[in-house]
Number of protein chains: 2
Amino acid sequence: MREAHKTEATEDYVELIDDLIRVNGEARLVDVASRMGVTQPTASKTLARLQRDGYVNSEPYRSIFLTEQGKELATQSRLRHEIVLDFLLAIGVSRDTAIRDSEGMEHHVSEETLRVFKKITRAKIKK
Amino acid sequence: MREAHKTEATEDYVELIDDLIRVNGEARLVDVASRMGVTQPTASKTLARLQRDGYVNSEPYRSIFLTEQGKELATQSRLRHEIVLDFLLAIGVSRDTAIRDSEGMEHHVSEETLRVFKKITRAKIKK
DNA sequence: CCTATAATTTAGCCAAGGCTTAGTTTATAC
DNA sequence: GTATAAACTAAGCCTTGGCTAAATTATAGG
């Protein structure tokens, strides 16, 4: 896979796990799978890879935790995601579309473009 | 892979082949591979899949042609790509970054967002 | 406390997309 | 016109990310 794609799945998973922990207090495989739109065995296999690579920790049949590395990536990922989402909303894209598009776009937007997005969002919101 | 990802490689390849034909008069495997940043066997295998799926035609050891279906996809893909690229340039992203980012983004931008992009680009260019 | 159901894991399959190494075909240059 | 280089194909291997079916562990209700 090309550059950006490599960490995409990883970012999506840690971001989701972070979100589940915030909202539900814990991240269960069943919820990860359903939110990612994949079957449980698929989610399970991906999580095993994330564990191998040091992003998450979990004991068999128990809920999933982020490692320090995982938390960092999740935070960073969430920030990018928010910048893109807010930008799309600011320029007039509907909420539903903005949510969908920002999910795919966040992985392909460079730091430079993020800075431009932020500036425009700020300007549109007129603070 | 998730929704948008499925046709991504296909779109990138047909768009590139279309471009090579415009610029070079023909699309050779060696150029496809180098522009995609993969080895020739990898490009060859992908092209076999594109042929299987009806996007390209080619005889062994000969150059690559787009089918009607391939041409349509390439055109459509190039249009989206241009809209995203022009938009990034219009909002002040540098040319190099705009080129890189637009390549990844084009596959994740919905029709609605494309319309918004177009409108903003037109406004910024002040025609 | 035991049993049914829910959650998770295991095993095994598949396709895509990547690689290397080795062999063939085509083109080029003398 | 043939030797060498370049282009391409073949074969085989790997990882990721999907799936289903079957086994296992946890949990909740009675």
Side-chain angles (χ1 to χ4, degrees), chain A residues 1-17 20-21 23-66 70 73 77 103-104 107-108, chain B residues 1-17 20-21 23-66 70 73 77 103-104 107-108:
Chain A
M1 285 188 194
R2 299 217 308 297
E3 277 314 303
H5 287 29
K6 234 177 15 199
T7 47
E8 250 182 72
T10 303
E11 288 177 23
D12 287 343
Y13 270 83
V14 297
E15 207 180 331
L16 170 55
I17 290 164
L20 286 170
I21 291 172
V23 172
N24 296 350
E26 65 172 348
R28 304 292 316 206
L29 176 67
V30 64
D31 300 314
V32 171
S34 96
R35 285 272 294 268
M36 291 297 296
V38 299
T39 60
Q40 289 178 212
T42 296
S44 182
K45 200 198 282 193
T46 302
L47 287 168
R49 184 167 54 75
L50 296 202
Q51 182 151 18
R52 183 200 67 194
D53 296 345
Y55 294 102
V56 307
N57 268 139
S58 79
E59 312 267 312
Y61 297 97
R62 291 272 113 82
S63 65
I64 302 140
F65 301 94
L66 292 173
L73 185 60
S77 202
E103 247 142 56
H107 305 292
H108 301 276
Chain B
M1 285 189 194
R2 298 214 309 297
E3 277 313 304
H5 287 27
K6 236 180 12 204
T7 48
E8 249 183 73
T10 303
E11 288 177 22
D12 287 342
Y13 271 83
V14 296
E15 207 180 330
L16 170 56
I17 290 163
L20 285 170
I21 290 172
V23 172
N24 296 350
E26 65 172 348
R28 305 292 315 205
L29 175 67
V30 65
D31 300 314
V32 171
S34 95
R35 285 272 293 269
M36 291 297 296
V38 299
T39 60
Q40 288 179 212
T42 296
S44 182
K45 200 199 282 193
T46 302
L47 287 168
R49 184 169 52 75
L50 295 203
Q51 184 151 17
R52 183 200 67 194
D53 296 345
Y55 295 102
V56 307
N57 269 140
S58 79
E59 312 265 311
Y61 296 99
R62 291 274 114 80
S63 65
I64 302 140
F65 302 92
L66 292 172
L73 185 60
S77 202
E103 247 141 56
H107 305 291
H108 300 276

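Each chain gets a letter, A, B and so on, in the order its sequence line appears, and its residues count up from 1.
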For A:M36 and D:dC19, what is the distance between atoms CE and P respectively, to the nearest whole Å? 11 Å
Check the pair A:R28 / A:I64 against side-chain contact (heavy atoms from CB on, under 4.5 Å), numbers first and verdict last. CA-CA 6 Å; A:R28 304 292 316 206; A:I64 302 140; 5.9 Å; no
Nucleotide nearest B:Y61 when distance is taken to its side chain, options C:dT9, D:dC19, C:dT26: C:dT26
Tell me: CZ of A:R28 to C1' of D:dT27, nearest whole Å? 10 Å
Roughly, in whole Å, what's the span from CG in B:L47 to C1' in C:dA16? 14 Å
May I ask you to test the A:E26-A:R62 pair for a side-chain heavy-atom distance under 4.5 Å? no
Which nucleotide sits closest to the side chain of A:V30: C:dA7, C:dG18, D:dA7? C:dA7
Tell me, do A:D53 and A:T10 make a side-chain contact under 4.5 Å, heavy atoms counted? no
By the 4.0 Å heavy-atom rule, please label B:T46 as base, sugar-phosphate, or nothing. nothing
From D:dA21, C:dC19, D:dT9, pick the nucleotide closest to the side chain of A:P41? D:dA21
Assert: residue with more 5' nearest nucleotide on DNA chain D, out of A:G37 and B:S58, is B:S58
Between D:dG18 atom P and A:E8 atom CD, what is the distance in whole Å? 11 Å
Minimum-distance nucleotide to B:L29 side chain [options: C:dG18, D:dA21, D:dT9]: D:dT9
In whole Å, I'd like the distance from the NZ atom of A:K45 to the C1' atom of D:dC14. 13 Å
Output the rounded distance in Å from CG (A:D53) to P (D:dT16). 7 Å
Closer to the 5' end of DNA chain C via nearest nucleotide, is it B:R62 or A:S44? A:S44
Let me know the distance between CD of A:E59 and P of D:dT24, rounded to the nearest Å. 21 Å
Check: A:L16 and A:L20 side chains under 4.5 Å, non-hydrogen atoms: yes
Would you check if A:L73 and A:T7 make a side-chain contact, meaning some heavy-atom pair closer than 4.5 Å? no
Could you state the CD-P distance from B:Q40 to C:dG18, rounded to the nearest angstrom? 15 Å
